[in-house]
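Numbers here simply count residues along the sequence, with the first being 1. Indexing begins at 1, ligand by ligand and atom by atom, following the structure's order.
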Amino acid sequence: MNLKFKYFRESLKLVWQSAPGWTSANIAISVLRSFLPLLLIWLLKNLIDKLTLAVSEKSPGGLPDIIWLIILVVIIWFVNEASSDLGNYIRKKQSVRLETHMYGLIHAKSVKLDLLNFEHSLYFDALSRASREAPWRPNSILNNVVSLFRSFLSLLLMAGLLAALHWAIAILLLVVNIPGIWLRLHYADTLYNFQREQTPEQRKTAYFNWLLTGDRPSREIRLFGLGEYFTNLFNRSFLKTREEEINIIRKRTGIEMISDLVKAGAVLLTLIFVAHRTISGELTLGRMTMFVLAFRQGMIYIKDLLSSVASLYEDSLFIGDIFEFLHLEEKIKALPPVKEIREFRSEIEVKDLSFTYPGNKSGTINEVSFSIKKGEVIAIVGPNGAGKSTLVRLLCRLYDPDSGSILMDGTDLKNLDPEQYRKLLSVVFQDFMLYNLGAGENIRLGNVEKTNPAEDIEASAKKTGIHDLINGLPDGYSTTIGNLFSDSRELSWGEWQKLALSRALFRDAPVLILDEPSSALDADTEYEIFSRFREIIRGRTSILISHRFTNVSLADRIIVLEKGKITETGTHDELMKNKGTYYIMYTKQSGRFMK
Ligand code: ATP
């Protein structure tokens, strides 16, 4: 409970921080609107009484008074309507500010979170719930608090008015609405638990939807004729969640109708009572209208009040999801004693490094040790699943090892600020990114801090042989590439790979890591790049992972990794003489070409 109140406070703070001015305006207009209906009802009562008097005396003498009253009624009616419209505008403005603020928080959190979180489906569930709720839930809390306050105030005023008719009417107004609140609270819990349980299924539904409508799956879906297959999976998953939800809402609607019947009974009693008093002459027509309207308005306020209470309760359940995500802790950060590193001077040392993915039974990297001298070109080879890409991620400190360490110039990576350390690295990942942006921008993303980058962008593109192609595009380096947006031009996979390589070269980092950088390059381009490899990397310390042994043989030193362990190290000639795994893999591959 304490936690819920804490989250409430935090939510209101977020709303306030995102737009203090608009939030104040929202509150002010809501309070103003709580007085207007009462004023309107009172004016109407006076108007009807004056009209009745004028009709019964058949004298038009009171007409100016009546006209004034009519004008006043119209003015209040107008202010009521106008403040409602203005209120909507203010709420919209405020919620846009809040959405921006909340998206900012969610995005800042997702880009900082440890990569390991992305391996857990629980993380995606939390992210999916947080991004669904975050943009609007805190505002809903504010609006519900304001609405609660406004309805309470208006209700007190209306109940006071009704008590003047008979105290029992005021009580009746309150009592008949109690079943409604119980109902909302009960079903808020049920719906929340249901939605929380359904998050994995909802993500599955979204996944099947993407398979059926996305660009990447579109080719295989057609070729293998999988449209109907995935449509069935989508329908099954979609209906599973929706049908259960509808079932809950159906039950709730049934009980809601019974509670409406109770309210109808209360209206009936009140109307009979008011009619009786009017006929017996105890009430004027104006007072009768006032009480009937006050009762009706009172019912509306109670409904608003109860629905604000129930919505606040619902908010309190969902708001936890947002803070659960925002409070996820990053473990990959600079640990004490924190050190600074601005340049790479002499050596990267990997010492007894071991790492196991969460949930995996056996270790992916097992007590691996090696070092890389500044300026050296190292190649890492090994069969599929040997742990090469995992080693790269550890070198980038995207994961922290379970034991052992990686030192740069004698400093453990754990003591460095990861962002600062990563500035010293440039990487082409095996699953590099395709950015549906300008061709030049795709290269520039390697270092967005560089000023006047045009010349360097072109130079990097020339090194990987993509310059001519970009130059020939309709808008040259400004042409949007990919197929997501209009006026864009799709590239082949190999061309995307050249762009990724250019991006890595554009970043002037002292350490270059290339994980399968040439898997999609044609033989000519690959030969062109690797025959000038040393010139292209310009003396940078490089780690090259490749299954192509002609490229690997260029390295100063080759490390053979098998099942997460180093089994051989040496130059190409040394390893060939050893006649171990490297020799076997090399001769198998070159043998295929010799045949
Ligand atoms: P390849 O030559 O096929 O690219 P690799 O040597 O780069 O392989 P890794 O990608 O490092 O191999 O994977 C090493 C092992 O770790 C594999 O058995 C793989 O199944 C497992 N693995 C990789 N990524 C994850 C992950 N995110 N979660 C759990 N296990 C993983």
Side-chain angles (χ1 to χ4, degrees), residues 110-111 113-127 200 203 207 328 330-332 348 350 352-370 372 378-404 406 413 418 425 427-434 493-494 496-497 500-501 504 511-521 526 542-553 555 557-569 575 580-582 584-586 588-589 592:
S110 2
V111 297
L113 260 185
D114 293 351
L115 191 68
L116 217 49
N117 281 301
F118 289 79
E119 317 290 348
H120 295 287
S121 64
L122 280 181
Y123 160 81
F124 284 109
D125 288 346
L127 174 63
R203 283 204 299 113
Y207 174 65
L328 277 176
E330 288 95 48
K331 294 205 176 80
I332 301 217
I348 297 172
V350 176
D352 299 326
L353 201 70
S354 293
F355 176 78
T356 308
Y357 282 104
N360 283 14
K361 286 200 182 94
S362 54
T364 308
I365 299 292
N366 302 308
E367 294 179 2
V368 163
S369 299
F370 64 95
I372 311 166
I378 295 280
I380 303 178
V381 297
N384 291 130
K388 304 179 294 293
S389 299
T390 309
L391 192 56
V392 166
R393 291 177 198 168
L394 286 161
L395 281 166
C396 298
R397 207 180 164 210
L398 294 172
Y399 305 138
D400 270 341
D402 302 331
S403 62
I406 302 175
L413 298 192
L425 310 179
V427 188
V428 177
F429 288 106
Q430 202 172 17
D431 51 352
F432 60 86
M433 266 307 295
L434 321 177
W493 189 250
W496 274 113
Q497 196 163 39
L501 201 51
V511 180
L512 185 65
I513 303 179
L514 307 172
D515 190 353
E516 288 287 347
S518 60
S519 56
L521 299 187
E526 190 176 17
S542 306
I543 300 168
L544 171 68
I545 294 174
S546 181
H547 289 292
R548 306 221 188 166
F549 283 82
T550 38
N551 303 336
V552 166
S553 58
R557 201 147 44 93
I558 299 160
I559 294 174
V560 182
L561 199 66
E562 289 176 271
K563 293 190 180 146
K565 278 187 187 285
I566 294 183
T567 48
E568 288 173 57
T569 7
L575 293 180
T581 309
Y582 181 84
I584 296 168
M585 288 164 90
Y586 186 90
K588 267 189 194 159
Q589 199 174 77
R592 270 208 332 263

Engineer: Side chains of Phe370 and Thr569, heavy atoms from C-beta outward: is any pair under 4.5 Å?
Structural biologist: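 Not in contact.
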
Engineer: For Arg397, which residues count as a salt bridge (Lys or Arg N to Asp or Glu O under 4.0 Å) partner, sequence neighbours excluded?
Structural biologist: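 Arg397 satisfies salt bridge (Lys or Arg N to Asp or Glu O under 4.0 Å) with Asp400 only.
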
Engineer: Listed by chain and number, what are the side chain to side chain contact (heavy atoms under 4.5 Å, CB included) partners of Leu434, not counting sequence neighbours?
Structural biologist: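 In terms of side chain to side chain contact (heavy atoms under 4.5 Å, CB included), with neighbours along the sequence ignored, Leu434 is linked to Phe432, Trp493, Trp496.
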
Engineer: Using a 3.5 Å cut-off and no angle test, enumerate the donor-acceptor pairs between side-chain atoms of residues 362-369 and protein atoms at least two apart in sequence or in another chain.
Structural biologist:
from   : atom 1 : to     : atom 2 : distance (Å)
Asn366 : ND2    : Lys563 : O      : 3.2
Ser369 : OG     : Asp352 : N      : 2.8
Ser369 : OG     : Asp352 : OD1    : 3.2

Engineer: How about Leu116 and Pro358: do any of their side-chain heavy atoms sit closer than 4.5 Å?
Structural biologist: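 Yes, close enough: below the 4.5 Å cut-off.
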
Engineer: Do any nitrogen or oxygen atoms of ligand 1 lie under 3.5 Å from a protein nitrogen or oxygen, and which ones?
Structural biologist:
from     : atom 1 : to     : atom 2 : distance (Å)
ligand 1 : 2 (O)  : Asn384 : ND2    : 3.2
ligand 1 : 2 (O)  : Lys388 : NZ     : 2.8
ligand 1 : 2 (O)  : His547 : NE2    : 3.0
ligand 1 : 3 (O)  : Asn384 : ND2    : 2.9
ligand 1 : 4 (O)  : Gln430 : OE1    : 3.3
ligand 1 : 4 (O)  : Gln430 : NE2    : 2.9
ligand 1 : 6 (O)  : Ala386 : N      : 3.1
ligand 1 : 6 (O)  : Gly387 : N      : 2.9
ligand 1 : 6 (O)  : Lys388 : N      : 2.9
ligand 1 : 6 (O)  : Lys388 : NZ     : 2.9
ligand 1 : 7 (O)  : Ser389 : N      : 2.9
ligand 1 : 7 (O)  : Ser389 : OG     : 2.8
ligand 1 : 8 (O)  : Gly385 : N      : 2.9
ligand 1 : 11 (O) : Ser389 : N      : 3.4
ligand 1 : 11 (O) : Thr390 : N      : 2.9
ligand 1 : 11 (O) : Thr390 : OG1    : 2.5
ligand 1 : 12 (O) : Gly387 : N      : 3.4
ligand 1 : 24 (N) : Tyr357 : OH     : 3.4
ligand 1 : 27 (N) : Glu119 : OE1    : 2.4
ligand 1 : 27 (N) : Glu119 : OE2    : 3.4
ligand 1 : 30 (N) : Asn360 : ND2    : 3.1

Engineer: Side-chain contact, heavy-atom cut-off 4.5 Å: Val552 with Tyr582?
Structural biologist: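 With C-beta onward as the side chain, the pair touches.
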
